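As a basis for the values below, the full set of heavy atoms in this structure was taken, side chains included, without hydrogen atoms, waters or symmetry mates. Remember, it's a predicted structure, so these values are computed and weren't measured experimentally. Quick note on labels: first sequence line is chain A, next is B, and so on, each numbered from 1.
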Number of protein chains: 2
Amino acid sequence: MSPYDDSATRQRNTRQRHAVAALLADVNDFRTAQELHGLLRDRGERVGLTTVYRALQTMADAGELDVMRLPSGEQLFRRCSSTHHHHLVCRSCARTVEVAGPTVESWADRIAGEHGFVDISHTVEIFGTCPTCASV
Amino acid sequence: MSPYDDSATRQRNTRQRHAVAALLADVNDFRTAQELHGLLRDRGERVGLTTVYRALQTMADAGELDVMRLPSGEQLFRRCSSTHHHHLVCRSCARTVEVAGPTVESWADRIAGEHGFVDISHTVEIFGTCPTCASV
DNA sequence: ATGGATGCAAATATTTTGCATTTTG
DNA sequence: CAAAATGCAAAATATTTGCATCCAT
């Protein structure tokens with residue numbers, strides 16, 4: 001493997017995968033596969049839902065995407081951001097606030113290390129009722 | 001509401017719900033609905049899968065159960081432990097270590113409070129590869 | 001040309017719901 | 001007896017797979 005191999009993945013450079021990657025770059029936030037598929041539709045891109053799922057899975061396996069799961073069970077995908085953060089989500093209206101958590105990051109790494117776990121990732125979700133919904 | 005009302009839930013006291021509750025008390029660990037249903041079978045209890053799901057949902061809504069989700073998407077249920085803790089889960093073999101996180105608790109409460117959110121709950125899952133799986 | 005990628009349809013898997021019947025209080 | 005719970009079958013949801021075709025290399 002050459003030292004400057006910039007193809008992180010071994011996949012082919014298809015229109016569809018490019019469209020998915022471009023969309024994720026623009027959105028830069030967690031979306032379900034189905035939402036992403038719909039957004040591609042809106043952009044006039046013609047990509048099958050199956051292909052969206054496959055592209056997302058490939059990218060996630062390659063470590064290019066963060067994946068989290070909604071309480072309802074759908075998985076959410078987002079382009080990996082160098083600025084790792086978590087979410088504070090309103091149970092009632094789903095309003096989401098991104099919060100940074102350096103405290104949690106180091107805590108998670110330390111805890112995992114103490115148990116000999118490697119290749120650590122973590123998810124933190126805080127649920128509550130936002131001020132607007134609470135005042136109704 | 002009487003001050004010493006010990007019926008946390010308003011449900012009826014059926015054989016099936018009792019069986020599910022008793023099983024959860026014995027298992028005292030995270031299990032899928034299907035696994036719990038199978039265990040009831042093994043015990044000779046005759047409870048429909050639908051009923052298991054409904055009992056679990058009712059108990060979870062009542063705050064009697066903790067619910068988490070596997071990376072694969074199935075939800076896991078466990079009798080609430082009074083000692084709130086989080087999980088360090090091996091991606092490969094699903095081995096789970098329970099870890100306490102006072103740091104995270106206070107962090108989550110503070111962050112949520114700063115944004116005016118009330119009635120806070122949170123989930124933290126740490127994923128990694130356990131020592132055994134990593135050495136293979 | 002050749003093997004990976006696509007996309008439709010169908011299969012899976014998990015969880016929920018309609019509804020007739022049974023059971024609890 | 002009335003309301004709630006059960007359980008079967010069917011629906012709903014999310015995601016994956018078979019396979020014939022297409023296209024990037």
Exercise. Under 4.0 angstrom, heavy atoms only, what part of the nucleic acid is B:T50 near: base, sugar-phosphate, or nothing?
Worked result: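 Base contact.
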For this session: Name the nucleic acid region contacted by A:Q34, choosing base, sugar-phosphate or nothing; use a 4.0 angstrom heavy-atom cut-off, strictly under.
Result: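 If one applies the 4.0 Å heavy-atom cut-off, A:Q34 turns out to touch a base.
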Problem set entry | Gap separating the CD atom of B:E125 from the NE2 atom of A:H122, nearest 0.5 angstrom | 11.5 Å
Whole angstrom value for the distance that separates [atom2] of [N] from [atom1] of [X]:
X	N	atom1	atom2	answer
B:E35	C:dT15	CD	C1'	15 Å
A:L56	C:dA5	CG	P	15 Å
A:L49	C:dT6	CG	C1'	13 Å
A:H18	D:dA24	NE2	P	13 Å
B:L76	C:dT15	CG	C1'	14 Å
A:E74	C:dT15	CD	C1'	12 Å

For [N], does OP1 or OP2 lie under 4.0 Å from any side-chain N or O of [X]?
X	N	value
B:Y53	C:dT15	yes
B:R46	D:dT6	no
A:Q57	D:dT16	yes

From [options], nucleotide with atom closest to [X] side chain:
X	options	result
A:N13	D:dT25, D:dA14, C:dT6	D:dT25
B:V47	D:dT15, D:dG7, C:dC8	D:dG7
A:T51	C:dG7, C:dG25, D:dG7	C:dG7
B:T14	C:dT16, D:dT16, C:dT24	C:dT24
A:R12	C:dT15, D:dA24, D:dT17	D:dA24
B:R54	C:dT17, D:dT15, C:dT15	C:dT17
B:Q16	C:dT15, D:dA24, D:dG7	D:dG7

Exercise. Pick from B:D66, B:N28, B:D29: which one makes a side chain to side chain donor-acceptor pair (under 3.5 Å) with B:R79?
Worked result: B:N28
Problem set entry | Co-membership, hydrophobic cluster, residues B:V27 and B:L65, 4.5 Å side-chain | yes
Seminar exercise, completed: Judged by nearest nucleotide, the residue sitting upstream toward the 5' end of DNA chain D, A:F77 or B:R15, is B:R15
Exercise. Is it true that the side chains of B:Q34 and B:Y53 contain a donor and an acceptor less than 3.5 Å apart?
Worked result: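 Result is yes, a qualifying pair exists.
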Exercise. Between A:E74 and A:E35, is any pair of side-chain heavy atoms under 4.5 Å apart?
Worked result: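 No. Closest side-chain heavy atoms not under 4.5 Å.
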